[in-house]
Every structure is written in C-alpha cells, then in structure tokens.
Peer 1: 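Below is the structure I would like to discuss, written out as structure tokens.
So you know, we letter chains A, B, ... as the sequences are listed, proteins then strands, and number each from 1. All of these numbers come straight from a predicted model, not from anything done at the bench.
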There are 2 protein chains.
Amino acid sequence: MALRYAILGYLSSGPGSGYDLVQQMDGDLGWFWAASHSQIYPELRNLETAGLIEGTATTVGERLEKRVYSLTEEGARQLQAWTEKTPQYRPNRDAERLQLIFADGNGVESIRAHLETHLDHFTRRRAQLIGMRDRILNREHPRVEQRLALKDAQGRELSLFLRDIAYGGDLRRAEGEIAWAKESLARLDEL
Amino acid sequence: MALRYAILGYLSSGPGSGYDLVQQMDGDLGWFWAASHSQIYPELRNLETAGLIEGTATTVGERLEKRVYSLTEEGARQLQAWTEKTPQYRPNRDAERLQLIFADGNGVESIRAHLETHLDHFTRRRAQLIGMRDRILNREHPRVEQRLALKDAQGRELSLFLRDIAYGGDLRRAEGEIAWAKESLARLDEL
DNA sequence: CCGACCATGTAATATGTTACATGATTGT
DNA sequence: ACAATCATGTAACATATTACATGGTCGG
C-alpha cells in the first residue's frame, strides 16, 4: 500500500514522470520508501486506471516518449486520508542483528568487521541525511520549494517542520547506530 | 534468504518444532526476524530437502503429530558462513515518516495523534526489549541457557555479549524514537 | 464438555528484487 | 563517435500477508 502513497505524495508537490520518481526513490524519498523502476512504472498505470493520477504523453526532443502524471482530486483526497490514519508498524526484520546473535561461533575479528561495516554504513547515511535536511531547511531543495509555493505561510511552516522532524528522526537513528557500534567495538576489545 | 537463517539460528540452540518457531517469530517480542506460520512450515520442508535440517516425527498425546527438527552439520556450516558475511542493508522503508512528510495538509491534531502513537509503540517495544535482555543476562532465558550449555566459558561470554549488544542496539533505537517523539510533540505545541 | 492452546498445512494475493530488453538524447 | 543519462517497459523469481482449513490436547 505504501508505494502507492509514496507516489501520490511525490506528485502532490507537482506533476512528474515515472523517471522523476525513479530518481527520487534513489534520492530523498528513497530515505523513507525505496522502490525500483520495475515497481514504479506498473504502479503508475494502476494509479491512472484507478483515477488517482492522470498522465499526459509528451516528448523529449523528437521521438523520446515521456508520460507526465499529475494528481487528480480523488488522488489528493486519498493521499490525505492515508496520512491521517494511525501509523501501522510492520514486524521487525533486521538481518544484521540476527547475524550478530548467531555469530557466537565465529572469531572476534568477524564480529569486529561486522560492527565496522555497521559503523561505516550509518556514518554515510548520517552524512546524506544531514545534507538533505540542510538543503531543505536552507530552502535550496527545488522540489520542496515547489511544494511550499502551493501553500500559505502557515502551511509552509508546517511543511518545513514536518520535514525537519522526519529527517531529524532518521538522523537521530543513524547517530544512535553509530554510537552503538563504537561502544560495542570498545567493549569487544575489552573482552 | 534471512528467514532460512533465522530458522537455522534458532535450531542451532537445540532441536525444535515448527510450532516452537512460530511462537518465537510470530509474537515477536524482541526477536529480530518476524515470520508467520504460513512461511515457516514450507521453509522447514525446503530446509529439510536441502539437507540443512533433519526432522523426526513425534506425537503429543495419542495422535497429535509434531515434527521436531535439528540442524545437520551442513546446516551449521551454512549458518556460520552466513553470520561471517558482511551485512547487507536493505533499502529503507518507513511508512510512518512517509506519512508525516505528506501530512502538511492535515490539522495539527492528526500530527499530534501520529506522534503519540509513535511514542506509545516504541514505549511498549522498549519495555519488551528491556524484559528480554534482562531475562537473558540474568540467566533466566531457557532457550539461551540451552545454547550456552553447548559452549565453553569463552563461548558463553561471547554469546552473552552478543545478545547484550544486539538487544541493547534495538533498545537504544527505541529510546531514540521515544525521545524524538517527545521532542517533536513539544515543538509541535510551540508552533 | 468447552475454551485455550497445540500443531500443521494450503491458496490467493500482494509486494519486492533481479535480470532481460529497447531505444533516444545530450554533452564532449 | 561515444559515454552518460533519459525514458520505459516485461519476465521470472523470491518473499510476505491474509484467509481458509483441519484436527488434537489439556486443564478446569
């Protein structure tokens, strides 16, 4: 279900193509809901059939076809209805920690390597999240600016606040994972 | 792939039935890989066919059939090989934060409700994780005790250490989410 | 005897990943 | 000309969810 709303949400800032969505899912939207193009293109057609978005065929240059979609009123209504629902939390699936608890037959080096990969992973993530959040709050993010232009002063404030806390939440998580990995590495050395 | 190793990992502490696994992974109190019985039973048969586990038919009472599986040497080898691999991080999928960033057309009340649900969710999770970790470290967790009995003093220390950090990592995350939700609620009130 | 729990399965559907496939445009 | 990027699709497979389905055991 969430992919559908990720798409509707993206289009609620303005029209966009499937390719735009693919880019976005590798970029900032992808921090909250990742999807590959093989999921996105079929879902766009489903959404059009369901009347939640509308597509217009355009061309780039002479022959390259491109469909640009925009949200219908019904799409906007369903998106808003979804955001108002109380969040559903999916069951935990965390392969890294699963690996860890069954690594008690391994050498300490393999555990150290695991923790270092973890540290590295979340260090990169932290950097990306900081960059993303700063671009938004410094009003340098074109797509967010496009969204803000649709709103009044209060709406803009709320929009920026929500983006601040959402990215801030992920950022805090990354920082927690970094601190955890460092502590765990230190404790491992004392073992 | 991870389901397979969740099962092998569970069985690496000692034999168990599909139902035992369902209990472990379904209620999912502080477990790291959730799965339902409709995934578990077929996967057990796959693993048996692949020679990674072996099942014995037993009965409970007079007629109730039950299959108890144990790890084969090949299963143990493949489990260990998996735990030694560098962790792969799946793409982020976080419907709650997705909901948040598109909630800028909603009333502040709906956002407050969202954050309160979040707070509640991770408060419960924190309690479960603390309980689980304490039971393990106080040597009151039967399944872990069973596992420890298979190891020497050093192995036991490593085993407990890994469980401590793994549950501690999730616990830290829950605490981060709680702090985040509280701060965000406070900031929302000032808006 | 009845309700809670033990125990295992299948089917239909939904979601997500990887690979295969094609062709145009833009900048150097 | 060539590489990088734009742009869209399908197919096969793997994984996960929900519903349907059956029957036994144990304790009160």
Side-chain angles (χ1 to χ4, degrees), chain A residues 1-8 10-11 15-27 29-30 32-50 53 55-69 82 88-95 98, chain B residues 1-8 10-11 15-28 31-50 53 55-69 82 88-95 98:
Chain A
M1 267 302 78
L3 172 60
R4 143 184 242 115
Y5 297 105
I7 293 175
L8 294 179
Y10 177 77
L11 293 179
S17 68
Y19 192 79
D20 293 336
L21 272 155
V22 171
Q23 298 311 103
Q24 202 67 22
M25 297 294 195
D26 287 334
L29 243 194
F32 300 119
W33 198 269
S36 58
H37 79 278
S38 62
Q39 264 189 295
I40 290 168
Y41 289 114
E43 186 64 20
L44 282 167
R45 272 173 278 129
N46 296 341
L47 286 168
E48 190 168 24
T49 306
I53 62 177
T56 346
T58 60
T59 54
V60 174
E62 283 296 294
R63 272 179 302 273
L64 184 55
E65 303 230 345
K66 174 177 177 169
R67 280 186 74 74
V68 175
Y69 295 93
W82 179 72
Q88 303 292 317
Y89 293 84
R90 321 208 136 268
N92 235 32
R93 284 194 182 96
D94 194 334
L98 192 66
Chain B
M1 267 300 80
L3 172 60
R4 142 183 244 115
Y5 297 106
I7 293 174
L8 294 178
Y10 179 79
L11 294 178
S17 67
Y19 191 79
D20 293 338
L21 273 154
V22 171
Q23 298 312 103
Q24 184 71 66
M25 302 176 90
D26 194 50
D28 161 49
W31 182 248
F32 301 107
W33 198 267
S36 59
H37 80 277
S38 61
Q39 263 189 294
I40 291 169
Y41 289 114
E43 186 64 19
L44 282 167
R45 275 174 275 129
N46 295 342
L47 286 168
E48 190 169 24
T49 306
I53 63 177
T56 346
T58 61
T59 54
V60 175
E62 283 295 294
R63 271 179 302 274
L64 183 56
E65 302 232 345
K66 173 175 174 169
R67 281 186 74 74
V68 175
Y69 294 94
W82 179 72
Q88 303 292 317
Y89 295 84
R90 319 208 136 268
N92 236 33
R93 285 197 179 93
D94 194 334
L98 192 66

Peer 1: In whole Å, what is the span from the OH atom of A/Tyr5 to the P atom of C/dT15?
Peer 2: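 Going from A/Tyr5 (OH) to C/dT15 (P), I get 10 Å.
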Peer 1: Apply side-chain hydrogen bond (donor to acceptor under 3.5 Å, both in side chains) to B/Arg67 and list each qualifying residue two or more places apart in sequence or on a separate chain.
Peer 2: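 side-chain hydrogen bond (donor to acceptor under 3.5 Å, both in side chains) list for B/Arg67, sorted by chain: B/Glu48, B/Tyr69.
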Peer 1: Going 5' to 3' along DNA chain D, between which two nucleotides do contacts with chain B fall, using a heavy-atom cut-off of 4.0 Å?
Peer 2: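 Taking any atom under 4.0 Å from a heavy atom of chain B, the span is D/dT15 to D/dT25.
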Peer 1: To the nearest angstrom, how far is B/Tyr69 atom OH from C/dA7 atom C1'?
Peer 2: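 Value for this atom pair: 11 Å.
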Peer 1: Rounding to a whole Å, what distance do you find between B/Asp20:CG and C/dA7:P?
Peer 2: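 For the pair B/Asp20 CG and C/dA7 P, the rounded distance is 7 Å.
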Peer 1: Applying side-chain contact (heavy atoms from CB on, under 4.5 Å), can you list everything that pairs with B/Thr58, at least two apart in sequence or on another chain?
Peer 2: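 Here the qualifying residues are B/Lys66, B/Val68.
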Peer 1: Could you please name the option among C/dT15, C/dA19, C/dC5 that lies closest to any side-chain atom of A/Met1?
Peer 2: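 When the side chain of A/Met1 is considered, C/dT15 is the closest of C/dT15, C/dA19, C/dC5.
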Peer 1: Write down the protein N/O and nucleotide N/O pairs, taken from nucleotides 24-27 of chain C, whose separation is under 3.5 Å; answer none if there are no such pairs.
Peer 2:
unit_1	atom_1	unit_2	atom_2	d
C/dA24	O3'	A/Leu64	N	3.4
C/dT25	OP1	A/Val60	O	3.4
C/dT25	OP1	A/Glu62	N	2.6
C/dT25	OP1	A/Arg63	N	2.8

Peer 1: Rounded to whole Å, please give me the gap between NE2 in B/His37 and C1' in C/dA7.
Peer 2: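 Atom-to-atom, B/His37 to C/dA7, this comes out as 10 Å.
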Peer 1: For B/Tyr19, enumerate each residue passing the side-chain contact (heavy atoms from CB on, under 4.5 Å) test, keeping only those at least two apart in sequence or located in another chain.
Peer 2: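 Partners of B/Tyr19 under the side-chain contact (heavy atoms from CB on, under 4.5 Å) test: B/Ser17, B/Gln23, B/Tyr41.
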Peer 1: Find the distance between CZ (B/Arg93) and CG (A/Leu3) and round it off to the nearest 0.5 Å.
Peer 2: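 Here the interatomic distance stands at 8.5 Å.
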Peer 1: What is the distance, rounded to the nearest whole Å, between atom CZ of B/Arg45 and atom P of C/dA7?
Peer 2: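 After rounding, the reported distance stands at 17 Å.
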Peer 1: Could you state the atom-to-atom distance from CG of A/Asn46 to P of C/dT13 in whole Å?
Peer 2: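 Going from CG in A/Asn46 over to P in C/dT13 covers 15 Å.
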Peer 1: How close do A/Arg90 and A/Trp33 get, heavy atom to heavy atom, and via which atoms?
Peer 2: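 The answer is NE-CH2, 4.4 Å.
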Peer 1: I want to check one thing: is the phosphate of C/dT8, taken as OP1 and OP2, less than 4.0 Å away from some side-chain N or O of B/Arg67?
Peer 2: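 No, no such contact exists.
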Peer 1: Return the 5'-most residue of the pair A/Gln39, B/Pro42 with respect to DNA chain C, ranking by each residue's nearest nucleotide.
Peer 2: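 Of the two residues, B/Pro42 wins.
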Peer 1: Nearest heavy-atom pair of A/Leu47 and A/Ile7: which atoms, and what distance?
Peer 2: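 Smallest heavy-atom distance, with atoms named: CD1-CG2, 3.6 Å.
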Peer 1: So, using side-chain hydrogen bond (donor to acceptor under 3.5 Å, both in side chains) as the criterion, who are the partners of A/Asn46 when residues are at least two apart?
Peer 2: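 For A/Asn46, the residues satisfying side-chain hydrogen bond (donor to acceptor under 3.5 Å, both in side chains) (neighbours in sequence not counted) are A/Glu43.
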Peer 1: How large an angle, rounded to 10°, do the end axes of the helix from C/dC1-D/dG28 to C/dT28-D/dA1 enclose when each is built from five base pairs?
Peer 2: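 Between the first-five-pair axis and the last-five-pair axis there is 30°.
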Peer 1: Taking only residues two or more places apart in sequence or in another chain, which ones pass side-chain contact (heavy atoms from CB on, under 4.5 Å) with B/Ser38?
Peer 2: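 By the side-chain contact (heavy atoms from CB on, under 4.5 Å) rule, B/Ser38 matches B/Ser36.
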Peer 1: If you take all heavy atoms of A/Ile53 and A/Leu44, which pair is closest and at what distance?
Peer 2: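 Closest pair (atom of A/Ile53, atom of A/Leu44, distance): CD1-O, 3.4 Å.
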Peer 1: Rounding to an integer number of Å, can you tell me how far B/Glu48 CD sits from C/dT8 P?
Peer 2: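 Answer to the nearest Å: 12 Å.
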Peer 1: Looking for any heavy atom pair under 4.0 Å, which part of the strands does B/Arg4 touch: base, sugar-phosphate only, or nothing?
Peer 2: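 Contact class for B/Arg4: none.
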Peer 1: What pairs with B/Pro42 under side-chain contact (heavy atoms from CB on, under 4.5 Å), at least two apart in sequence or on another chain?
Peer 2: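 For B/Pro42, the residues satisfying side-chain contact (heavy atoms from CB on, under 4.5 Å) (neighbours in sequence not counted) are B/Arg45.
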Peer 1: Assign A/Arg93 to base, sugar-phosphate, or nothing according to its heavy-atom contacts below 4.0 angstrom with the strands shown.
Peer 2: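 Sugar-phosphate, backbone atoms only, no base.
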Peer 1: Output all residues satisfying side-chain hydrogen bond (donor to acceptor under 3.5 Å, both in side chains) with A/Asp94, sequence neighbours left out; order by chain, then residue number.
Peer 2: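 Partners of A/Asp94 by the side-chain hydrogen bond (donor to acceptor under 3.5 Å, both in side chains) criterion come out as none, since no residue qualifies.
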Peer 1: Taking the six-membered ring for Trp, are A/Trp82 and A/Tyr5 parallel (under 30°), tilted (30 to 60°) or perpendicular (over 60°)?
Peer 2: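 Correct class here is parallel.
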Peer 1: A/Ile7 CD1 to C/dT15 P: how many Å, rounded?
Peer 2: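 Rounded to whole Å, this separation is 11 Å.
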